[in-house]
Amino acid sequence: MVTTRFAPSPNGSLHLGHAFAALVAHDLAREAGGRFLLRIEDIDGARSRPELAEEFRADLAWLGLEWAEVAPQSARLADYAAAADRLRAEGLLYPCTCTRAQIAASARETGPEGPVYPGTCRGRGAPAPGVPVAWRLDVAAALARTGPLEWVDALAGPQRADPARLGDVVLVRKNEPASYHLAATLDDAADGVSLVTRGRDLFAATHVHRLLQALLGLPVPRWHHHPLLIDDATGTKLAKRRNSPSLADRRHAGEDGAALAAALRGHRFPAGISLGQRLHRGT
Ligand code: GLU
Ligand code: ZN
């Protein structure tokens, strides 16, 4: 049984790139007679706007999609805490007090997601009481525990997991129960997601997710990292709050959502928008 999901964060309205992502997930499940899930990823504290979840549902319905909705991330905090406790007890997490600015100033490399944390706090022990800490995964120690890992992308083929390229990622954020990496990996396992579809911008994150699956004894799904819609004027991906009307704007303006979905499925994009590179090796 193929199970896919669309997992938007309610921190801004959905745009055409999200519609494309939802259609990919929906159609891959439907073609296989499987299930398509909606999961609201609402643990982005300050930026989360709960009222957007209702907008997202209306957007998906307008596109003509059918889905089953699973619990939002805000309902799963105890699961995230339990997993973090387990990794901490195994000595695989360490507390980090660094600020964003300190990390930017001390990083020696830039990875796929910005400055790579150089491990400043690894081995430093407990910080003074009251100092806010994030908990980072000691990736080298974790990999030594698991041994080499592989994963498969439907478009890019088999990959050797290389989580070190993202550095010692944060799994528990300062004042937040979990990071995206920990929450999404646990949720996909809990929801029985067998095919994780998402944009190619998250390709590198999958190396980390594969490591977390090995550490936590979670099932290993397949992945399908689809190309992104690109704004031809800037050459960058479409983003919330930038360069294209939201799906809700289009819906309220009376546009036909089923026709838009058909156009996106046929790769007929509005003027100024194109599909990013199809081929993708080793990024
Ligand atoms: N909540 C994430 C986003 O909006 C989803 C990432 C994923 O699909 O794994 O980008
Ligand atoms: Zn640090």
Side-chain angles (χ1 to χ4, degrees), residues 4-26 36-81 84 99-100 113-114 132 134-135 169-188 190-191 193 196-202 205 209 226 228-229 231 234 236-255 257 260-261 264 270 273:
T4 65
R5 62 18 174 218
F6 176 57
S9 302
N11 54 21
S13 290
L14 302 182
H15 58 68
L16 283 179
H18 294 100
F20 184 71
L23 287 164
V24 167
H26 171 273
F36 169 59
L37 307 178
L38 171 65
R39 182 174 70 229
I40 303 294
E41 303 214 319
D42 58 349
I43 52 166
D44 193 358
R47 295 200 302 153
S48 217
R49 290 164 48 201
E51 73 280 7
L52 284 174
E54 201 44 51
E55 180 181 299
F56 294 176
R57 293 180 198 110
D59 291 340
L60 295 185
W62 174 71
L63 289 168
L65 304 187
E66 285 176 28
W67 66 92
E69 184 164 351
V70 294
Q73 291 192 326
S74 55
R76 308 182 189 214
L77 305 187
D79 298 340
Y80 307 150
T99 61
R100 226 173 251 276
E113 295 188 350
W135 289 86
V169 290
V170 169
L171 294 192
V172 182
R173 290 159 60 175
K174 288 179 185 166
N175 310 315
E176 303 273 354
S179 69
Y180 158 67
H181 298 301
L182 182 60
T185 302
L186 288 167
D187 294 348
D188 284 336
D191 296 337
V193 174
V196 175
T197 70
R198 59 184 170 219
R200 190 171 289 163
D201 51 335
L202 288 166
H209 300 185
H226 58 74
L228 300 174
L229 296 198
D231 176 0
T234 60
T236 58
K237 67 168 176 161
L238 297 184
K240 289 172 179 160
R241 293 177 291 276
R242 273 212 320 256
N243 48 34
S244 78
S246 70
L247 299 184
D249 291 340
R250 291 173 181 273
R251 182 159 53 79
H252 293 310
E255 192 175 328
L260 177 66
L264 292 174
I273 295 173

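Please read all numbers here as calculations on a predicted model, not as lab measurements. Along the sequence shown, residues carry numbers from 1.
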Can you list the steps and then say if Arg173 with Asp44 is a side-chain contact (heavy atoms from CB on, under 4.5 Å)?
CA-CA 10 Å; Arg173 290 159 60 175; Asp44 193 358; 3.7 Å; yes
Spacing of [atom1] belonging to [X] relative to [atom2] belonging to [Y], to within rounding of 0.5 Å:
X: Thr4; Y: Asp191; atom1: OG1; atom2: CG; result: 11.5 Å
X: Leu264; Y: Leu229; atom1: CG; atom2: CG; result: 7.0 Å
X: Glu69; Y: Phe36; atom1: CD; atom2: CZ; result: 10.5 Å
X: Leu14; Y: Leu238; atom1: CG; atom2: CG; result: 12.5 Å
X: Leu202; Y: His226; atom1: CG; atom2: NE2; result: 9.0 Å
X: Trp62; Y: His252; atom1: CH2; atom2: NE2; result: 10.0 Å

What closest approach, in Å, do [X] and [Y] show between heavy atoms, and which atom pair accounts for it?
X: Ala183; Y: Gln73; result: CB-NE2, 3.5 Å
X: Ala205; Y: Glu113; result: CB-OE2, 4.0 Å
X: Pro177; Y: Leu77; result: CG-CD2, 3.5 Å
X: Val170; Y: Ala134; result: CG1-CB, 4.1 Å
X: Lys174; Y: Pro132; result: CE-O, 3.7 Å
X: Arg57; Y: Trp67; result: O-CH2, 3.3 Å

Donor-acceptor pair, [X] side chain versus [Y] backbone, under 3.5 Å?
X: Arg5; Y: Asp188; value: no
X: Asp42; Y: Ser48; value: no
X: Ser9; Y: Asn11; value: no

Check step by step if side-chain contact (heavy atoms from CB on, under 4.5 Å) holds for Lys237 and Arg200.
CA-CA 10 Å; Lys237 67 168 176 161; Arg200 190 171 289 163; over 6 Å; no
Would you check if Ile43 and Tyr80 make a side-chain contact, meaning some heavy-atom pair closer than 4.5 Å?
yes
Side chains of Glu41 and Tyr180, heavy atoms from C-beta outward: is any pair under 4.5 Å?
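Glu41 vs Tyr180: side chains touch.
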Crowded around Glu51 CD? As in, over 12 foreign heavy atoms under 6.0 Å?
yes
Determine, step by step, whether Leu247 and Ser13 satisfy the side-chain contact (heavy atoms from CB on, under 4.5 Å) criterion, reporting the C-alpha distance in whole Å, the side-chain angles of both residues, the deciding distance to 0.1 Å, and the verdict.
CA-CA 7 Å; Leu247 299 184; Ser13 290; over 6 Å; no
Could you walk me through whether Ile40 and Leu52 pass the side-chain contact (heavy atoms from CB on, under 4.5 Å) check?
CA-CA 10 Å; Ile40 303 294; Leu52 284 174; over 6 Å; no
